[in-house]
Number of protein chains: 2
Amino acid sequence: MPLDRSIIASLPLFEGLSPAELDGVLKDARAARFPKESTIFEQEAEVRSFFVLLAGHVRVVRATPDGRQVIARYISEGEIFGIAAALGRLTYPATAIAAVDCVVLVWPNAVWPDLAARFPVLSAGTFKTVGSRLQDAQARVVELATEHVEQRVANALLRLANQTGRKTEAGIEIDFPIWRQDIAEMTGTTLHTVSRLLSAWEERGIVVSGRQRVTVTDAHRLVLLAQHRSKD
Amino acid sequence: MPLDRSIIASLPLFEGLSPAELDGVLKDARAARFPKESTIFEQEAEVRSFFVLLAGHVRVVRATPDGRQVIARYISEGEIFGIAAALGRLTYPATAIAAVDCVVLVWPNAVWPDLAARFPVLSAGTFKTVGSRLQDAQARVVELATEHVEQRVANALLRLANQTGRKTEAGIEIDFPIWRQDIAEMTGTTLHTVSRLLSAWEERGIVVSGRQRVTVTDAHRLVLLAQHRSKD
DNA sequence: CGTGCGATTGACGCGTATCAATGTAAGTGG
DNA sequence: CCACTTACATTGATACGCGTCAATCGCACG
């Protein structure tokens, strides 16, 4: 049963493609559902597919040889991911895990060259995506090298709020379950320190947080904390 | 005066191109010389060109708003750099500085789409380059987030030695001037700490170092230091 | 109404940044 | 060619951020 083109027509990645072209893109795709906390692909595994996230949130994690792990990024709806093949890799550089129940489109690896050649929009869009992830990664390098834990955690929360925030009456809530350990793994610190920071911020009315839930209530002051320079 | 195709024929980036094609690639290029410590392009400046390094070493630096800086990478001979345009950026994300006297090829920005379309080898090669830089950057994020200063400095030296090392009778010498501050900016630490580490390592016979010069004499033990988890 | 996992909080100490002083090699100008 | 200057490197003393260890709390779920 072919997939309906309407499910991807509105995604920026496929912008400008005609209905017939959309069908062509979808011909080789299949939809898949991944329950919360299930693995979509695993680090070091052979690259077989690439993906577009239709619904949900995906956590991308890199593990170190000694068992520690770092969250490389969260994927939001509409994003392409697992494009290791296009970058000339044979194995995935990280593990992707559904942070909530997810729906994804899956293409077999082998169709990429053909798709990229037939749809320059797609190729250019992917180029841009990779470029912006490179920017991201290098910005994080700078952050880790120069900023203190407090600023890094503030920045991480702001990025999450921007990227996936849902407005509530209390403020901007991060709309997937996230626990202290996650935030620690995004910022290169420990859950203890994250907990202390969130507690302190909650006391000052900047955030409201609880079990697997964080709401930013005063983004402005959080920005100030994020920019706070140690030396001036 | 047209450039001779022999200057790029042996570079991996242009592998497989016919003599006529090489001439086509070179038609829009010009060669330029940058003296030691001169700026090739500046962070935030409008993107006008992209480059291939023919001779020398280039240091790529990102500055933070408060004046600190981080060395993003060193470019070696034969590498393409300053490809912000291909990634859809209007300004350079970093500053490139000649670490020694350099010779580079310069193409105007505008010819990229045409070149990329006419020479898929070039496009694919650039894709791979960007992909591997993304890998690099994310690996550094993990390093900064999980490892201690000593391991990070050891890793940085090993990478430099691998990438640009020159064998001497004493060991592998990094063949461009590098001072303590540079190593500090590669690893997110201070020149003081780097100095202390190098002194300690020199005492143990692992490196020999002096003013703007570092030679790795016992790479094996340095690898051990780099992998050293937690404690003894 | 327990049971357990996530969150909180305190105590402590290590790793490094920071501050400061001195050493030393490479220019530079007379 | 030598005194002077500048810039990089070394080394010690001190402070402190934050990781680590450990105990307790409290909300969710069976």
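Quick note on labels: first sequence line is chain A, next is B, and so on, each numbered from 1. Values below: every heavy atom of this structure, side chains too, minus hydrogens, waters and symmetry copies.
A/Gln43 contributes a side-chain N or O that, together with a main-chain N or O of A/Ala63, makes up a donor-acceptor pair within less than 3.5 Å. Checked by atom type and distance alone, the side chain of B/Arg89 pairs as donor or acceptor with a backbone atom of B/Thr91 at under 3.5 Å. Looking only at distances, a side-chain donor or acceptor of B/Glu79 sits under 3.5 Å from a matching main-chain atom of B/Ser76. A donor-acceptor pair is defined here as one N or O able to donate and one able to accept, closer than 3.5 Å; no such pair exists between the side chain of B/Glu150 and the backbone of B/Ala226. Remark: side-chain polar atoms of B/Thr189 are not paired, donor with acceptor, to backbone N or O of B/Val149 under 3.5 angstrom. Proximity of a side-chain donor or acceptor of A/Arg140 to a complementary backbone N or O of A/Ala72 within less than 3.5 Å is detected.
Checked by atom type, the side-chain pair A/Gln212/A/Asp182 shows no donor-acceptor distance below 3.5 Å.
Between the CD atom of A/Glu147 and the C1' atom of C/dT16 there is a distance of 18 Å, rounded to whole Å. Rounded to an integer number of Å, the gap from CG of B/Leu197 to P of D/dA9 is 14 Å. Following rounding to the nearest Å, B/Glu150 (CD) and C/dC14 (P) show an atom-to-atom distance of 16 Å.
Residue A/Arg213 comes nearest to A/Arg180 through the heavy atom pair O-NH1, 4.5 Å, listed as atom of the first residue, atom of the second, then distance.
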What pairs of nitrogen or oxygen atoms, one from the protein and one from nucleotides 2-5 of chain D, lie under 3.5 Å apart?
none

Under a 4.0 Å heavy-atom criterion, the protein footprint on nucleotides 1-13 of chain C, written with B, S and -, is ----BSSBBBB--

Go through the steps for A/Asn155 and A/Glu147 under the test side chain to side chain donor-acceptor pair (under 3.5 Å), then give the verdict.
-> CA-CA 10 Å; A/Asn155 268 317; A/Glu147 295 181 356; 3.3 Å; yes

Given the rule in the ring-ring contact (aromatic ring centres under 6.0 Å, His included) test, do A/Phe127 and B/Phe127 qualify, once you have shown the distances and angles that lead to the verdict?
-> CA-CA 8 Å; A/Phe127 229 126; B/Phe127 229 126; 4.0 Å; yes

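Side-chain N/O atoms of B/Thr190 include none lying less than 4.0 angstrom from OP1 or OP2 on C/dT16.
Rounded to 10 degrees, the angle separating the terminal helix axes of the helix from C/dC1-D/dG30 to C/dG30-D/dC1, each built from five base pairs, is 40°.
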